[in-house]
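Okay, so here's the structure we're looking at.
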Amino acid sequence: MIPRIEISLSKIRENASHLSQIYADKGISLMGVSKAVLGEPKIAKAMVDGSVKYIADSRIENIQKMKAAGITTPFVLLRTALSQAELVVQVADISLNSEMETLKKLSHFAQAQNKIHQIIVMVEMGDLREGVLATNLSAFISEMLSLANLKLVGLGCNLACFGGVEPDAHNMLKLSKLAGEIEKEFSLTLALVSGGNSANYNWVHATSEVGKINNLRIGESILLGCETLSRKPIAGLHLDAFRLVAEVIESKVKPSLPSGTIGQDAFGQIPSFKDQGNFQRVILGLGRQDVDISGLQPEANTTILGASSDHIILKAQNQNMQVGDEVNFQLDYSALLSAMTSPFIKKKFI
């Protein structure tokens with residue numbers, strides 16, 4: 001049996017529906033982010049069926065796959081590269097941007113394709129990933145509006161990603177005010193003010209005034225049922241839409257301490273061990289080449305001791321696991337991302 005990840009489309013749909021209603025009550029629409037699941041069309045459809053208004057992904061190839069599978073909702077590209085400008089205009093309805101040279105290329109290819117390409121300008125709000133500095137925003141927007149075949153449809157920001165900066169009343173108010181200033185200065189209406197991602201849940205839940213923030217880009221909360229500042233479960237959401245399953249390929253009682261001189265392991269680390277006597281050691285046919293081991297939590301009464309490229313080693317507590325048995329794991333976002341990307345893990349929809 002090859003490792004598999006079991007995916008409940010109904011639970012993903014129900015999570016999307018529940019979150020869509022929570023945010024709609026505050027006047028906020030959702031983009032369902034599909035990048036963690038490699039743009040899997042079945043999962044994108046479950047999100048759309050759960051009332052998300054857009055599907056957003058960071059990779060053109062994922063959007064192409066979803067469109068080829070018949071998903072017809074508006075698509076948003078989260079990461080725009082200068083070298084891909086022609087394809088961006090061809091494939092995506094909206095793209096997030098923060099560089100003028102990229103916008104000029106998008107304008108060129110939009111004219112060549114006789115299309116109007118929609119733009120969300122990203123604003124730097126402290127997390128130090130992508131975004132135009134607030135002090136440069138007016139000049140940036142002014143130049144962008146002079147480019148043919150581009151339409152400014154929104155402002156956005158990214159938080160709680162690279163720098164871990166939390167969305168809060170201060171930075172959300174700042175983005176809202178910037179949106180109002182841009183609308184007034186250039187006599188336009190921004191259809192989308194996208195204030196962030198799954199990390200915005202606590203802010204939305206606590207605030208009575210969202211200002212002009214009317215959109216969020218939500219992936220992890222839909223897929224795993226949690227907010228992303230502390231990974232606490234969100235009431236009413238399923239936490240188990242995904243489950244990773246691996247096969248036991250060896251099960252033996254062995255010592256807890258290796259014998260011999262200890263040097264570097266396969267990944268350049270010098271391991272250390274605690275003497276726990278003899279216990280049952282279980283090896284699974286799953287390793288670091290398949291999944292981020294640090295993001296796995298075994299459901300059985302076992303402990304992960306470590307992993308190599310191809311194997312996970314478990315300590316089995318009071319269990320008589322046999323070769324051929326299966327061990328189930330819950331996944332965090334990092335493990336989900338790697339497992340869904342791995343060609344060695346079968347995706348099974350249930």
Within a radius of less than 6.0 Å around [atom1] of [X], do more than 12 heavy atoms belonging to other residues, nucleotides or ligands occur?
{"X": "Asn114", "atom1": "CG", "answer": "no"}
{"X": "Glu99", "atom1": "CD", "answer": "no"}
{"X": "Lys26", "atom1": "NZ", "answer": "yes"}
{"X": "Lys11", "atom1": "NZ", "answer": "yes"}
{"X": "Lys151", "atom1": "NZ", "answer": "no"}

Is [X] linked to [Y] within one hydrophobic cluster, defined over Ile, Leu, Val, Met, Phe, Trp and Tyr using a side-chain heavy-atom separation of less than 4.5 Å?
{"X": "Met100", "Y": "Leu150", "answer": "yes"}
{"X": "Leu159", "Y": "Val121", "answer": "yes"}
{"X": "Ile182", "Y": "Ile120", "answer": "no"}
{"X": "Val153", "Y": "Leu137", "answer": "no"}
{"X": "Leu103", "Y": "Met122", "answer": "no"}

Check whether the side chains of [X] and [Y] place a donor and an acceptor atom closer than 3.5 Å, and report yes or no.
{"X": "Thr302", "Y": "Gln317", "result": "no"}
{"X": "Ser308", "Y": "Arg288", "result": "no"}
{"X": "His117", "Y": "Ser95", "result": "yes"}
{"X": "Asp57", "Y": "Ser34", "result": "yes"}
{"X": "Asp332", "Y": "Ser334", "result": "no"}

How long is the straight-line distance from [atom2] of [Y] back to [atom1] of [X], given to the nearest 0.5 Å?
{"X": "Lys105", "Y": "Thr102", "atom1": "NZ", "atom2": "OG1", "result": "10.0 Å"}
{"X": "Glu86", "Y": "Ile60", "atom1": "CD", "atom2": "CD1", "result": "11.0 Å"}
{"X": "Phe186", "Y": "Ser142", "atom1": "CZ", "atom2": "OG", "result": "4.5 Å"}
{"X": "Leu296", "Y": "Leu286", "atom1": "CG", "atom2": "CG", "result": "7.0 Å"}
{"X": "Asn171", "Y": "Leu178", "atom1": "CG", "atom2": "CG", "result": "11.0 Å"}
{"X": "Trp203", "Y": "Glu227", "atom1": "CH2", "atom2": "CD", "result": "15.0 Å"}

Less than 6.0 angstrom from the centroid, inside 45 degrees of the normal: does Arg243 satisfy that with respect to the ring of Phe329?
no
Please examine the side chains of [Y] and [X], heavy atoms only from C-beta on, and report whether any two atoms are closer than 4.5 Å.
{"X": "Gln64", "Y": "Glu61", "result": "yes"}
{"X": "Lys67", "Y": "Phe75", "result": "yes"}
{"X": "Leu223", "Y": "Asn15", "result": "no"}
{"X": "Leu30", "Y": "Lys53", "result": "no"}
{"X": "Ile213", "Y": "Leu175", "result": "yes"}
{"X": "Phe242", "Y": "Leu224", "result": "yes"}
{"X": "Leu284", "Y": "Val327", "result": "yes"}
{"X": "Ile222", "Y": "Val52", "result": "yes"}

Measure from the side-chain N and O atoms of [X] to the backbone N and O of [Y], and report whether any donor-acceptor pair falls under 3.5 Å.
{"X": "Ser338", "Y": "Asp292", "value": "yes"}
{"X": "Ser29", "Y": "Asn214", "value": "yes"}
{"X": "Ser20", "Y": "Gly50", "value": "yes"}
{"X": "Thr228", "Y": "Ala199", "value": "yes"}
{"X": "Asp127", "Y": "Phe162", "value": "yes"}
{"X": "Glu40", "Y": "Lys42", "value": "yes"}
{"X": "Asn215", "Y": "Val193", "value": "no"}
{"X": "Gln280", "Y": "Met321", "value": "yes"}
{"X": "Asn328", "Y": "Val245", "value": "no"}
{"X": "Lys315", "Y": "Leu305", "value": "no"}

Can you list the steps and then say if Phe349 with Ser8 is a side-chain contact (heavy atoms from CB on, under 4.5 Å)?
CA-CA 6 Å; Phe349 297 94; Ser8 172; over 6 Å; no
Minimum heavy-atom distance between [X] and [Y], given as atom pair plus value:
{"X": "Met340", "Y": "Leu38", "answer": "O-CD2, 3.8 Å"}
{"X": "Gly195", "Y": "Cys157", "answer": "O-SG, 3.5 Å"}
{"X": "Arg281", "Y": "Pro255", "answer": "NH1-O, 3.4 Å"}
{"X": "Glu124", "Y": "Leu128", "answer": "OE2-N, 2.9 Å"}
{"X": "Met47", "Y": "Ala16", "answer": "O-CB, 3.9 Å"}
{"X": "Val282", "Y": "Ala316", "answer": "CG2-CB, 3.9 Å"}

Assess whether a salt bridge exists between [X] and [Y], defined as any Lys/Arg side-chain N lying under 4.0 Å from an Asp/Glu carboxylate O.
{"X": "Lys104", "Y": "Glu143", "value": "yes"}
{"X": "Glu247", "Y": "Arg4", "value": "no"}
{"X": "Lys212", "Y": "Glu183", "value": "yes"}
{"X": "Glu220", "Y": "Arg231", "value": "yes"}

If you apply the rule side-chain contact (heavy atoms from CB on, under 4.5 Å), what do you find for Leu155 with Leu192, and how did you get there?
CA-CA 7 Å; Leu155 295 183; Leu192 294 167; over 6 Å; no
Would Val291 and Ser342 count as a side-chain contact (heavy atoms from CB on, under 4.5 Å) if you check the C-alpha gap in whole Å, the side-chain angles of each, and the deciding distance to 0.1 Å?
CA-CA 7 Å; Val291 67; Ser342 173; over 6 Å; no
Apply side-chain contact (heavy atoms from CB on, under 4.5 Å) to Arg13 and Val48, showing your working.
CA-CA 8 Å; Arg13 182 182 66 249; Val48 173; over 6 Å; no
